[in-house]
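Fair warning: this is a prediction, and the values are worked out from it, not measured in the lab. We count ligands from 1, going down the list as the structure has it; atoms in each ligand are counted the same way. Only heavy atoms go into these numbers, but all of them, side chains included; no hydrogens, no water, no symmetry mates.
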Amino acid sequence: MALFCDVCLPVPLDQPFTYALSGEARDVAQPGCRVLVPFQQRKLSGTILRIHDEKPDYKVRPIERLLDQEPVFDSKLISLGLWVARYYYAPVGEVFRIMAPLGGEIRRSKAYGLTDTGRDMAKQSLLGIVDQEDASLVVLQALESRPMSLEALKRKSPEAPALIREFLRKGYVRMEEEAQEKDPLRAHASKLNVEMLAGAPEGKLPKWERELLAYLHLHPGVHPLDELEDIVKNASQSARSLARRQLVKLTPRVGAIRRAAERPRHALNASQQAAYQAIEAGIQRKDYQAFLLQGVTGSGKTEVYLSAIEAALAMGRSALLMVPEIALTPQVAGQFALRFGEQVAILHSAFGDSERAEYWRRIRRGEARVVVGTRSSIFAPMPDLGLIIVDEEHDGSYKQEENPRYHGRDVAVVRAQQIGATVVLGSATPSLETRQNSERGKYVRLLLPERIEQRPMPAVEVIDLRQEFLETKKNALFSRRMVEAVREKLAFGEQAMLLMNRRGYSNFVACRSCGYKVECINCSVTLTFHRRDRRLLCHYCGYAEKVPVCCAKCDSEHIQFIGSGSERIEEELREAFPKARIARMDRDTINSKADYEHILHGFREGNFDILVGTQMIAKGHDIPNVTLVGIVNADIGLGMPDFRAAERSFQLLTQAAGRAGRGGLPGTVILQTINTEHYAIRFSAIQDYELFYEKELQFRKVMRYPPFASLANVVIRSERQEEALRMSGEIGEVLKDFKEGIRILGPAEAPVPRVNKEFRYQMLLKAAQRKRLGEALDRVRACAVERNWPATALVIDVDPQSLL
Ligand code: ADP
Ligand code: ZN
Ligand code: ZN
């Protein structure tokens with residue numbers, strides 16, 4: 001009986017492909033194993049979803065090779081992946097590709113292979129039938145055995161590049177993309193650890209290998225390979241050779257998590273204790289249970305997480321803590337390492353491929369029973385997962401803004417349901433959806449209504465910038481009160497944070513004579529002036545150009561810089577307070593995780609007096625000496641054409657304010673705005689989430705936005721405007737008779753009509769029933785497939801977080 005497997009591949013076609021299994025693979029392959037398979041002219045790696053004996057009625061090709069002896073995904077993770085693909089309208093293969101960070105083990109390369117014509121030509125020239133010069137003959141002959149890369153061919157003949165170009169033109173060869181396994185042992189010595197294995201060498205070993213073995217024998221344990229190179233000559237080379245003989249083991253090195261400084265363990269206060277007990281009882285039941293842990297800023301949510309994880313471990317279960325992208329610092333990881341030691345694994349998108357893969361394998365083997373990670377850690381292959389915590393569940397970074405467009409928090413809830421685990425969503429400012437779910441009884445709400453040790457919430461002073469202007473006749477960035485407050489804190493040796501949620505120096509550049517604004521050549525947005533590199537920069541696509549000396553339209557020299565960003569705040573602050581030590585944190589000063597930690601660490605240690613920054617500074621940091629938070633412009637974001645604008649502003653302002661007064665000293669917040677009456681400003685000023693929630697809920701209900709409707713955004717993109725317009729018209733047509741139970745806005749130009757050279761049209765679908773939304777989206781997708789649209793033309797964003 002023949003055996004077949006259905007494999008999902010990372011291609012836009014949304015279907016599995018069937019291949020034949022033979023030989024050893026037949027006995028070993030299981031669903032969840034990865035395979036290398038031929039696909040069109042290429043070799044691709046994919047995941048087996050199903051093994052069966054149903055012979056399809058077309059010619060089935062055999063798999064090239066089985067990549068895993070053990071499945072990478074168990075049946076639960078396979079069903080989770082399938083759910084994600086279905087719910088988010090994402091190609092299955094792309095979902096499975098991002099579910100395990102093992103892509104780094106596959107090398108993608110270009111190779112050239114003979115076409116049938118090329119093969120004939122090679123034969124004929126070998127037989128001397130056609131006359132080929134020497135170099136061509138060499139290259140054709142080499143390719144007869146197998147497809148080869150240009151590098152390999154160059155070693156055969158220096159003329160290979162020119163010849164290949166010629167052969168491509170004549171149709172003798174074609175280019176193939178080749179997926180190939182990387183040999184992990186070929187990594188650089190600084191990335192490998194070496195360890196001796198029991199076993200005696202057969203035969204005599206070369207001198208250096210013997211020396212290395214002798215050293216390892218005397219010094220048992222795991223050694224960084226590059227350090228051994230300083231001790232034993234040729235250690236790296238010897239180790240690789242010994243590894244092939246199975247005498248030593250080489251493993252990829254992962255950075256040790258530095259433990260946080262030892263500090264007293266806090267006894268939980270009454271509300272923390274109550275929350276903890278509810279969660280613990282949930283884990284005990286070994287059944288699905290969901291909680292919303294709603295605790296004001298500084299109420300000690302982390303301590304509840306730590307205790308809950310401890311409880312899960314004590315019950316023999318493992319635990320996953322998800323945190324927002326930017327919040328996962330070595331400091332946070334260190335806190336967990338301090339409590340749980342070697343059992344902690346970190347999954348962060350900023351880690352290198354081999355490090356992520358190694359952590360992933362440890363998790364798979366059940367060695368790391370506590371995982372702290374960002375969005376994609378929700379797919380971590382943890383055995384006995386009993387507890388999933390999503391910290392700052394409202395955070396936008398949980399939604400992936402490219403394919404597959406899943407929401408990490410929502411997948412967390414689904415995974416908990418599938419495996420019978422407890423899930424805890426924590427926040428001081430829960431998303432409307434989550435808060436509403438607790439109201440509907442889907443989640444049990446646990447409250448931490450007060451700060452630790454009854455510390456007061458910071459006092460917020462709202463400064464009306466319009467009034468300030470009337471009184472001072474000056475359009476200053478900092479109000480008099482802001483300057484005074486900063487001066488006061490500096491005098492007391494306390495620290496301040498200043499939020500300016502826009503980077504760059506000036507918001508945009510305009511001509512005073514004709515009003516022309518300098519726009520990006522690829523996107524329909526204005527360019528932002530960045531002073532340090534004297535450039536205008538596009539925040540959408542990264543395009544940069546020099547600052548113009550005169551207007552491109554009217555030649556006038558009256559070029560004006562309008563609005564301000566974090567770079568300018570820093571500069572004006574330095575002018576106002578020349579003695580203060582100031583650091584800035586935004587995407588221009590932070591290029592890596594190390595920069596981020598460096599600045600934060602320095603600030604925590606008291607090396608800076610003031611930290612200026614974008615929303616990056618508002619996320620989760622607990623720095624006790626910060627007693628002042630200044631919000632320079634609370635209005636950025638409020639005017640965005642997005643129904644979540646108010647919610648996002650409220651969350652940002654409340655979280656930012658929450659950074660003040662977390663230690664023994666009370667905190668002050670100065671909030672500058674021209675929208676003093678706006679409810680997002682008023683309620684964040686009194687830090688009252690519940691009032692905001694009630695008000696916002698009314699708006700959502702009237703406008704039929706989530707949580708009162710299911711939403712999907714359908715975007716059509718093309719570099720050619722007519723084409724984008726035509727396709728969006730066709731989608732509109734397809735949905736024309738689709739009125740019942742669904743509201744369709746558009747097709748219309750997207751709020752930013754052009755990004756990265758592509759014109760964008762969008763259609764917003766709102767449905768009271770998710771099923772109805774699905775029916776409409778099915779039609780949309782069928783339309784794209786029938787008409788053979790390019791894969792990138794149609795974007796379906798289910799539960800969109802941003803409509804821009
Ligand atoms: P949140 O995440 O809710 O804003 P954190 O978890 O960062 O708050 O806690 C705020 C501070 O309170 C931290 O410095 C933490 O060590 C401290 N803390 C937490 N629980 C207690 C407790 N029961 N007693 C004293 N201090 C505590
Ligand atoms: Zn002009
Ligand atoms: Zn651009």
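Per-residue contacts place T297 under 4.0 angstrom from the following atoms of ligand 1 (heavy atoms of the residue considered): 4 (O). Here is the list of ligand 1 atoms found below 4.0 Å of a heavy atom in R662: 1 (P), 4 (O), 5 (P), 7 (O), 8 (O), 10 (C). Close contacts of ligand 1 with N269, meaning ligand atoms under 4.0 Å from a residue heavy atom, involve 23 (N). Those atoms of ligand 1 with a heavy atom of A267 less than 4.0 angstrom away are 22 (C), 23 (N). Near E453, meaning under 4.0 Å from any of its heavy atoms, are these atoms of ligand 1: 25 (C).
For R644, the side chain to side chain donor-acceptor pair (under 3.5 Å) partners two or more places apart in sequence, or in a different chain, are E433. With sequence neighbours left out, the salt bridge (charged side-chain N to carboxylate O under 4.0 Å, His left out) criterion links E280 to no other residue.
Between R455 and ligand 1, a contact under 3.5 Å exists for no N or O pair. Where the criterion is an N or O separation shorter than 3.5 Å, residue side chain and backbone included, L268 fails it with respect to ligand 1. The distance criterion of under 3.5 Å between nitrogen or oxygen atoms is met by H266 with respect to ligand 1. The shortest N/O to N/O separation between S299 and ligand 1 falls below 3.5 Å.
Protein N/O/S atoms found under 2.8 Å from the Zn ion (ligand 2), listed by chain and residue number: C511 SG, C514 SG, C551 SG, C554 SG.
Between the side chains of E303 and Y276, no donor-acceptor pair is found at a separation under 3.5 Å.
Surrounding CD of Q273 are more than 12 heavy atoms belonging to other residues, nucleotides or ligands, all under 6.0 Å away. Counting non-hydrogen atoms of other residues, nucleotides and ligands closer than 6.0 Å to CD of E401 gives a total above 12.
For the Zn ion (ligand 3), the count of nearby protein N/O/S atoms, taking only those under 2.8 Å, is 4.
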**Report entry** F529 and Y505: CA distance, side-chain angles, deciding distance, ring-ring contact (aromatic ring centres under 6.0 Å, His included) verdict
**Finding:** CA-CA 5 Å; F529 176 46; Y505 191 84; 5.8 Å; yes
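The aromatic rings of H539 and H530 sit perpendicular to each other, their planes meeting at more than 60°, with 30° as the lower class boundary.
A cation-pi arrangement is absent between K553 and Y516 under the rule of less than 6.0 angstrom and at most 45 degrees off the ring axis. Geometrically, R409 does not engage Y398 in a cation-pi contact, judged by NZ or CZ lying under 6.0 Å from the ring centre and within 45° of the ring axis.
The residue from Q655, Q294, Q651 that alone fulfils the side chain to side chain donor-acceptor pair (under 3.5 Å) condition with T429 is Q655. With respect to V304, the side-chain contact (heavy atoms from CB on, under 4.5 Å) criterion is satisfied by exactly one of V424, I279, L446: I279.
Although no hydrogens or angles enter the test, the distance criterion places a donor-acceptor pair under 3.5 Å between the side chain of E393 and the main chain of S431.
Nearest to atom 26 (N) of ligand 1 by heavy atom, out of L448, D622, I452, is I452.
Between L628 and E494 the shortest side-chain heavy-atom distance does not fall below 4.5 Å. Looking at heavy atoms from C-beta onward, I686 lies in side-chain contact with L691 at the 4.5 angstrom threshold.
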